[in-house]
Visitor: 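I have a structure I would like to understand better, so I am pasting it below and will then ask my questions one at a time.
We number each residue from 1, following the sequence as shown. As the structure lists them, so they are numbered: ligands from 1, and atoms in each ligand from 1.
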Amino acid sequence: MEQFFVVGGKPLNGEVEIFGAKNSLLPIIASSILVDDEVCIENAVPYSDVLAMCKIIEGLGGKAKWQGQRLILDCRNLSADTVSHEVASVVRSSIFTLGPILARMKSAKVAYPGGCDIGLRPIDLHLGGLRTLGAKVVEKNGYIYAGVLNKNGGDVTLSFPSVGATENLMMYATSLQGQTRIFNCAQEPEIVDLQNFINACGGQVSGAGESVITITGGKKLHGASHYVIPDRIEAGTYMIAVAMCGGRVVLKNAIASHNDKLIAKLMQTACKIKVKDDTIEVLADGHPKNLGEVETGVYPAFPTDLQSQITALACVSEGYSLIIENLFEARNKHIGELLKMGADIRMRGGIAIVKGRDMLYGADLVTPDLRGGASLVLASLRAEGYSTIKNIGLIDRGYYKIEEKLASLGAEIKRIKEG
Ligand code: EPZ
């Protein structure tokens with residue numbers, strides 16, 4: 001097993017390239033199942049979650065080939081409709097294959113998904129949406145069995161704007177005759193990216209980024225090449241790192257408008273930020289002012305995937321901050337680890353009351369989940385003394401060579417074999 005060894009207290013200076021968005025790549029890889037042709041995904045990154053999705057594609061009879069940051073997927077010889085527990089339970093995004101497999105194979109047998117331990121993460125909206133669109137869906141012995149009862153499109157309303165359910169239904173609806181409309185859908189940038197990919201393959205999808213998405217299905221999809229948007233959560237993680245450690249860092253290949261809530265908060269409290277084309281320059285003295293209140297919500301609200309990281313920032317900001325997590329009831333396991341570093345945090349329901357301190361202290365830490373792990377990396381970069389961070393495979397799910405990027409900015413961080 002590997003762990004990070006970090007010596008804190010160094011400012012961050014230099015340039016960092018933001019990689020392709022994990023949460024775009026995962027549904028786009030699933031949607032390649034819809035295409036009886038080769039597709040080419042540019043700006044792709046072998047995050048471990050992406051590699052797990054490629055394994056699922058191969059298990060269905062498809063092919064996945066890497067050429068640097070180009071991922072070529074070929075589902076011409078798809079021969080199976082089953083995703084086993086062994087591969088499905090590794091990632092949350094395995095559930096995103098249910099709609100595409102059903103669309104392509106007219107039957108599907110998919111085991112329950114895995115994913116970060118940040119809450120119950122039910123899939124009722126996925127399954128209920130498919131049933132509304134005429135699929136037969138039965139849950140039995142840890143698997144979801146699905147078949148097609150009605151081939152015509154229709155209307156479906158999500159009781160909650162779930163990202164994954166929106167994507168699953170978008171993909172399934174490409175196989176239905178006529179028009180399908182999804183109401184109260186998620187509006188994240190990754191949904192727009194998925195729409196753009198499906199349209200590049202000859203699909204007809206519109207409305208992504210707003211609350212109603214319309215799909216005109218029944219068209220045969222063909223191969224295409226698609227450049228994936230940059231990862232707004234990676235970008236936000238690095239911006240918060242500079243706010244905590246001080247320094248001057250230019251983020252390249254970043255879309256500032258995808259992080260407008262974070263940028264506004266950081267400009268009020270911790271950083272000077274200059275946006276020019278696809279670069280974001282962040283300048284900070286490492287002494288952030290009071291954050292006040294940060295409340296997570298569905299896009300375009302403050303993203304839950306940056307909650308753990310901004311909680312780490314609150315630990316070294318002035319006065320009391322309130323961090324309110326509204327999406328995942330168990331996205332708080334990083335707090336127990338931050339307390340080991342001397343953080344002053346109290347939990348009241350889904351609200352973290354954080355009393356900022358000027359200093360955190362290095363400690364031996366264990367990564368609880370992907371973004372919780374990122375918050376521990378940030379805290380250890382700011383802390384006095386050294387830290388070890390175990391279970392870093394969870395961080396590799398959504399950050400690629402994070403330690404190399406941070407070291408290139410002057411951080412003292414190494415990936416070592418666990419002693
Ligand atoms: C996606 O997860 C992202 N993952 C998550 O990123 C992100 O935190 C989340 O969207 C919210 O933005 C991927 O895209 C692979 P949801 P997803 O369905 O689709 C409830 C990361 O760190 N819900 O929008 O699973 C659910 O319990 C990961 O990169 C149901 O009740 O999120 C949660 O409370 C973590 N029933 C809320 O909706 C359902 O059927 C939001 O979940 C589905 C979801």
Visitor: Is there a donor-acceptor contact under 3.5 Å linking the side chains of Thr367 and Asn391?
Guide: no
Visitor: What atoms of ligand 1 come within less than 4.0 Å of a heavy atom belonging to Leu26?
Guide: 15 (C)
Visitor: What atoms of ligand 1 come within less than 4.0 Å of a heavy atom belonging to Ile123?
Guide: 39 (C), 40 (O)
Visitor: With a cut-off of 4.0 Å, which atoms of ligand 1 are near a heavy atom of Lys22?
Guide: 21 (C), 29 (O)
Visitor: Side chains of Ser408 and Glu404: do they bring a donor and an acceptor to under 3.5 Å?
Guide: no
Visitor: Counting non-hydrogen protein atoms only, what is the nearest one to atom 14 (O) of ligand 1? Give residue, atom name and distance.
Guide: Asn23 CG, 3.3 Å
Visitor: Just jot down the ligand 1 atoms closer than 4.0 angstrom to any heavy atom of Arg371, in number order.
Guide: 21 (C), 22 (O), 29 (O)
Visitor: Compute the centroid of each ring, for Phe5 and then for Tyr386, and state whether the two points are separated by less than 6.0 Å.
Guide: yes
Visitor: How close does the nearest protein non-hydrogen atom get to atom 17 (P) of ligand 1, and which residue and atom is it?
Guide: Arg121 NH2, 4.0 Å
Visitor: Provide the number and element of each atom of ligand 1 under 4.0 Å from a heavy atom of Arg92.
Guide: 25 (O), 43 (C)
Visitor: I need the nearest protein heavy-atom contact for atom 19 (O) of ligand 1: residue, atom name and distance, please.
Guide: Gly164 N, 2.9 Å
Visitor: Would you call Leu25 and Phe19 a side-chain contact if the rule is heavy atoms closer than 4.5 Å?
Guide: no
Visitor: Check whether Tyr361 forms a cation-pi arrangement with Lys340 (NZ or CZ under 6.0 Å from the six-membered ring centre, at most 45° off the ring normal).
Guide: no
Visitor: Any chance you could lay out the side chain to side chain donor-acceptor pair (under 3.5 Å) test for Arg104 and Ser175, step after step, and finish with the verdict?
Guide: CA-CA 7 Å; Arg104 179 78 186 271; Ser175 69; over 6 Å; no
Visitor: Parallel, tilted or perpendicular: which fits the ring planes of Tyr400 and Tyr47, with parallel below 30° and perpendicular above 60°?
Guide: perpendicular
Visitor: Tell me which part of Arg397 gets within contact of ligand 1: side chain, backbone, both or neither, using heavy atoms under 4.0 Å.
Guide: neither
Visitor: After noting the C-alpha distance and the side-chain angles of Ile213 and Arg181, does the key distance pass the side chain to side chain contact (heavy atoms under 4.5 Å, CB included) rule?
Guide: CA-CA 6 Å; Ile213 295 177; Arg181 293 183 298 179; over 6 Å; no
Visitor: Which heavy atom of the protein is the closest neighbour of atom 11 (C) of ligand 1, given with residue, atom name and distance?
Guide: Thr304 CG2, 4.0 Å
Visitor: Does any N/O atom on Glu167 come nearer than 3.5 Å to any N/O atom on ligand 1?
Guide: no
Visitor: Does a side chain donor of either Thr237 or Tyr399 reach within less than 3.5 Å of an acceptor in the other side chain?
Guide: yes
Visitor: Tell me, please, whether Tyr145 has Lys109 positioned over its six-membered ring: NZ or CZ under 6.0 Å from the ring centre and within 45 degrees of its axis?
Guide: no
Visitor: Heavy-atom contacts with Leu327 under 4.0 Å: which atoms of ligand 1 show up? List them by number with element.
Guide: 33 (C), 34 (O)
Visitor: Under a 4.0 angstrom heavy-atom cut-off, which atoms of ligand 1 come close to Phe160?
Guide: 37 (C), 38 (O), 41 (C)
Visitor: Nearest to atom 18 (O) of ligand 1, what protein heavy atom do you find, and at what distance?
Guide: Ser162 OG, 2.7 Å
Visitor: Which of these, Leu306, Asp305, Asp124, has its nearest heavy atom closest to atom 6 (O) of ligand 1?
Guide: Asp305
Visitor: Considering only non-hydrogen protein atoms, determine which one is nearest to atom 40 (O) of ligand 1 and report residue, atom name and distance to 0.1 Å.
Guide: Leu125 N, 2.7 Å
Visitor: Compute the minimum heavy-atom distance from Gln307 to ligand 1 and say whether it is under 4.0 Å.
Guide: no
Visitor: Taking atom types as modelled and ignoring hydrogens, do the side chains of Glu190 and His258 form a donor-acceptor contact shorter than 3.5 angstrom?
Guide: no
Visitor: May I ask you to list the atoms of ligand 1 that are less than 4.0 angstrom from any heavy atom of Ile118?
Guide: 35 (C)
Visitor: How close do Ala235 and Asn259 get, heavy atom to heavy atom, and via which atoms?
Guide: CB-ND2, 3.9 Å
Visitor: Nearest to atom 16 (P) of ligand 1 by heavy atom, Val163, Leu394, Val91, Leu370: which?
Guide: Val163
Visitor: Is Asp369 salt-bridged to Lys333, going by a charged N under 4.0 Å from an acidic O?
Guide: no
Visitor: Just going by heavy-atom distances, which of Ala30, Pro122, Ser94 is nearest to atom 44 (C) of ligand 1?
Guide: Pro122
Visitor: Identify the protein heavy atom lying closest to atom 26 (C) of ligand 1, giving its residue, its atom name and the separation to 0.1 Å.
Guide: Phe328 CE2, 4.2 Å
